[in-house]
Each structure stands twice: as structure tokens, then as C-alpha cells.
Undergrad: 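If you scroll down you'll find the structure; I have some questions about it.
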Amino acid sequence: MTHAARHHRAHQAGMTLIGFVFVLAIAGFFAFLIMRLFPVYSEYYSVVSDMKGLANEPGVATMPPERIRDLLNRRFYISYVESVKPEHIKITRNNGYNLTIKYEVRRPLVYNLDFVAMFDKTVELSRQGSVD
């Protein structure tokens, strides 16, 4: 093997290491993003699950809005939902009720950068107990 061939092979190995470190850095960045975003989306799926569970509650469409809010807040307490405040919950009259929850979550990402996630979900609280 000539000196030039050995030098070329060593140079390729160095580039492979640099490429590997680059791929590792990108994978680490995405893992970091997932770790930051997962709790926010996990909480949202709890909100949706609690809303659908409430929609399946017997007789929910005939309950007064205050009782619906109370039942929903109890479900949120059990599910550790902390981002949804009373002002985010809207109950409108329909053939039964429409329950809408609209809120946003702002969390720090890195240094002075934050991310904002906005959520808006509506379920129908009907006399039949069907879910949107």
C-alpha cells in the first residue's frame, strides 16, 4: 500500500467520525425536543380523554353547566392536568351541550427561546352520550 493510499484511508476514517458526531448531535437535539414537548402533549391527551369520558357519563347532557365543570375538574385533578384553567372551559347549549376547551401552554426551550403549543378541542355532550 502506498503512502497516498494509507493517507486517503485515514482521512476517510476521520470524516466518518465527524459524520457520526454530527448525526449524534442532531439525534441528541431531537431527543431534547421530544423530552421538552412530551409532557405538554401527554397532558393534552389526558384532557381529550377526560372530555370524552365526561361525554360518556350517563345523563351529562341534562346536568347544569356548574356540575359539568365540577365533574371535569375532578377528572383533571386525577389526571394531573394543570394547564387548563376555568376560563379555558366553555360550555354552550346545543341538543345537550358542546364542551370546548381552548388553551395554550408556553414553556422554556433553550436559553431565551420558548415554545408555545395551542390546543382547541370540542366534544358534544348529547342525550345519547355520543362522542365527537
Side-chain angles (χ1 to χ4, degrees):
M1 188 179 294
T2 66
H3 176 69
R6 274 191 304 241
H7 179 68
H8 183 68
R9 182 172 295 190
H11 184 68
Q12 282 182 333
M15 285 305 290
T16 302
L17 179 62
I18 290 171
F20 177 72
V21 168
F22 184 71
V23 167
L24 199 61
I26 290 175
F29 175 73
F30 281 109
F32 172 77
L33 280 179
I34 289 169
M35 287 189 315
R36 289 293 200 175
L37 294 173
F38 178 78
V40 172
Y41 280 93
S42 176
E43 183 182 51
Y44 172 68
Y45 289 119
S46 292
V47 168
V48 171
S49 174
D50 291 343
M51 290 173 75
K52 288 181 177 181
L54 183 65
N56 288 325
E57 189 89 17
V60 72
T62 59
M63 295 178 185
E66 300 79 33
R67 177 76 178 134
I68 294 170
R69 284 178 188 276
D70 183 52
L71 288 172
L72 188 62
N73 284 325
R74 288 174 191 224
R75 288 174 180 268
F76 287 169
Y77 180 77
I78 292 168
S79 302
Y80 300 105
V81 173
E82 297 174 350
S83 297
V84 178
K85 305 296 181 220
E87 61 269 15
H88 300 142
I89 302 169
K90 185 177 176 189
I91 300 172
T92 54
R93 198 73 154 120
N94 194 6
N95 183 18
Y97 293 103
N98 279 341
L99 172 63
T100 302
I101 296 182
K102 186 175 182 179
Y103 68 104
E104 68 178 44
V105 179
R106 181 186 200 108
R107 297 274 164 83
L109 188 58
V110 288
Y111 187 52
N112 63 348
L113 293 177
D114 290 356
F115 72 88
V116 176
M118 291 183 281
F119 301 104
D120 188 352
K121 177 70 178 170
T122 300
V123 295
E124 185 179 322
L125 308 178
S126 69
R127 298 185 193 284
Q128 292 81 24
S130 65
V131 178
D132 177 30

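What you see is a predicted model, and the numbers here were worked out from it, not measured in a lab.
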Undergrad: Suppose the criterion is side-chain hydrogen bond (donor to acceptor under 3.5 Å, both in side chains): which pairs have a residue in residues 80-92, not counting sequence neighbours?
TA: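 Every pair satisfying side-chain hydrogen bond (donor to acceptor under 3.5 Å, both in side chains) with a residue in residues 80-92: Glu43-Ser83.
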Undergrad: Minimum heavy-atom separation for Met63 and Leu71, please, with both atom names.
TA: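 Result for this residue pair: SD-CD1, 3.6 Å.
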Undergrad: Could you give the distance from OG (Ser42) to CG (Leu37), rounded to the nearest 0.5 Å?
TA: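 Those atoms lie 12.0 Å apart.
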Undergrad: Specify the closest pair of heavy atoms between Glu57 and Arg75, including all atoms of both residues, with the distance to one decimal.
TA: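 So the two residues come closest at OE1-NH2, 2.8 Å.
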Undergrad: With sequence neighbours excluded, tell me which residues meet side-chain contact (heavy atoms from CB on, under 4.5 Å) with Pro65.
TA: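 For Pro65 the side-chain contact (heavy atoms from CB on, under 4.5 Å) partners, ignoring immediate neighbours, are Ile91, Tyr97.
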Undergrad: Can you name the residues that form a side-chain hydrogen bond (donor to acceptor under 3.5 Å, both in side chains) with Asp114, not counting sequence neighbours?
TA: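 Counting only residues at least two positions away or on another chain, Asp114 forms a side-chain hydrogen bond (donor to acceptor under 3.5 Å, both in side chains) with Arg106.
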Undergrad: Among all residues two or more places apart in sequence or in another chain, which pass the ring-ring contact (aromatic ring centres under 6.0 Å, His included) test with Tyr41?
TA: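 Here the qualifying residues are Phe119.
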Undergrad: For Val23, give me all partners under side-chain contact (heavy atoms from CB on, under 4.5 Å), at least two apart in sequence or on another chain.
TA: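 If we apply the side-chain contact (heavy atoms from CB on, under 4.5 Å) test to Val23, skipping adjacent residues, there are no hits.
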Undergrad: Does Tyr77 sit in a hydrophobic cluster with other residues, and if so which ones, taking ILVMFWY side chains as linked at heavy-atom separations under 4.5 Å, directly or through other members?
TA: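 For Tyr77, no cluster forms, as it stays isolated from other hydrophobic side chains.
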Undergrad: What are the two closest non-hydrogen atoms of Val123 and Lys52, and how far apart are they?
TA: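 In terms of heavy atoms, the two residues are closest at CG1-CG, 4.3 Å.
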Undergrad: Check whether any side-chain heavy atom of Phe22 lies under 4.5 Å from a side-chain heavy atom of Leu17, and answer yes or no.
TA: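 Result no, sub-4.5 Å side-chain heavy-atom pair not found.
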Undergrad: Group every Ile, Leu, Val, Met, Phe, Trp and Tyr by side-chain heavy-atom contacts under 4.5 Å, then state whether Phe115 and Ile34 land in the same group.
TA: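 Per the 4.5 Å side-chain linkage, Phe115 and Ile34 are not co-clustered.
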Undergrad: Who are the side-chain hydrogen bond (donor to acceptor under 3.5 Å, both in side chains) partners of Thr100, not counting sequence neighbours?
TA: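 Thr100 satisfies side-chain hydrogen bond (donor to acceptor under 3.5 Å, both in side chains) with Thr122 only.
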Undergrad: Can you find a heavy atom in the side chain of Val47 that is under 4.5 Å from one in the side chain of Tyr103?
TA: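 A side-chain contact exists here, since the closest heavy-atom pair is under 4.5 Å.
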Undergrad: Residues in side-chain hydrogen bond (donor to acceptor under 3.5 Å, both in side chains) with Asp70, at least two apart?
TA: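 Expected list: Arg67, Arg74.
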Undergrad: Tell me, please, which residues at least two apart from Leu24 pass side-chain contact (heavy atoms from CB on, under 4.5 Å).
TA: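 Testing Leu24 for side-chain contact (heavy atoms from CB on, under 4.5 Å), a comparison that skips the adjacent residues, returns Phe20.
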Undergrad: By the definition side chain to side chain contact (heavy atoms under 4.5 Å, CB included), identify the one residue from Val84, Ile78, Ile68, Ile89 that meets it with Asn73.
TA: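 Exactly one candidate clears the test, Ile89.
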Undergrad: Within the 4.5 Å heavy-atom criterion, are Leu54 and Val60 side-chain neighbours or not?
TA: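 A side-chain contact under 4.5 Å exists here.
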Undergrad: Could you state the interatomic distance from CD (Glu124) to CG (Leu99), rounded to the nearest 0.5 Å?
TA: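 Result: 11.5 Å between the selected atoms.
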Undergrad: Compare every heavy atom of Leu109 with every heavy atom of Phe32, then report the nearest pair and how far apart it is.
TA: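 So the two residues come closest at CZ-O, 3.3 Å.
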Undergrad: Mind checking what makes side-chain contact (heavy atoms from CB on, under 4.5 Å) contact with Ser79, not counting sequence neighbours?
TA: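 Listed in chain order: Ser46, Asp50, Val81.
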Undergrad: Please say yes or no: joined through hydrophobic side-chain contacts below 4.5 Å, possibly via intermediate residues, are Phe30 and Leu113 part of one cluster?
TA: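 Cluster IDs for Phe30 and Leu113 match.
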Undergrad: Within the 4.5 Å heavy-atom criterion, are Val40 and Tyr44 side-chain neighbours or not?
TA: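 Result no, sub-4.5 Å side-chain heavy-atom pair not found.
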Undergrad: Sequence neighbours left out, what passes side-chain hydrogen bond (donor to acceptor under 3.5 Å, both in side chains) with Arg107? Give chain and number order.
TA: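 Partners of Arg107 by the side-chain hydrogen bond (donor to acceptor under 3.5 Å, both in side chains) criterion come out as none, since no residue qualifies.
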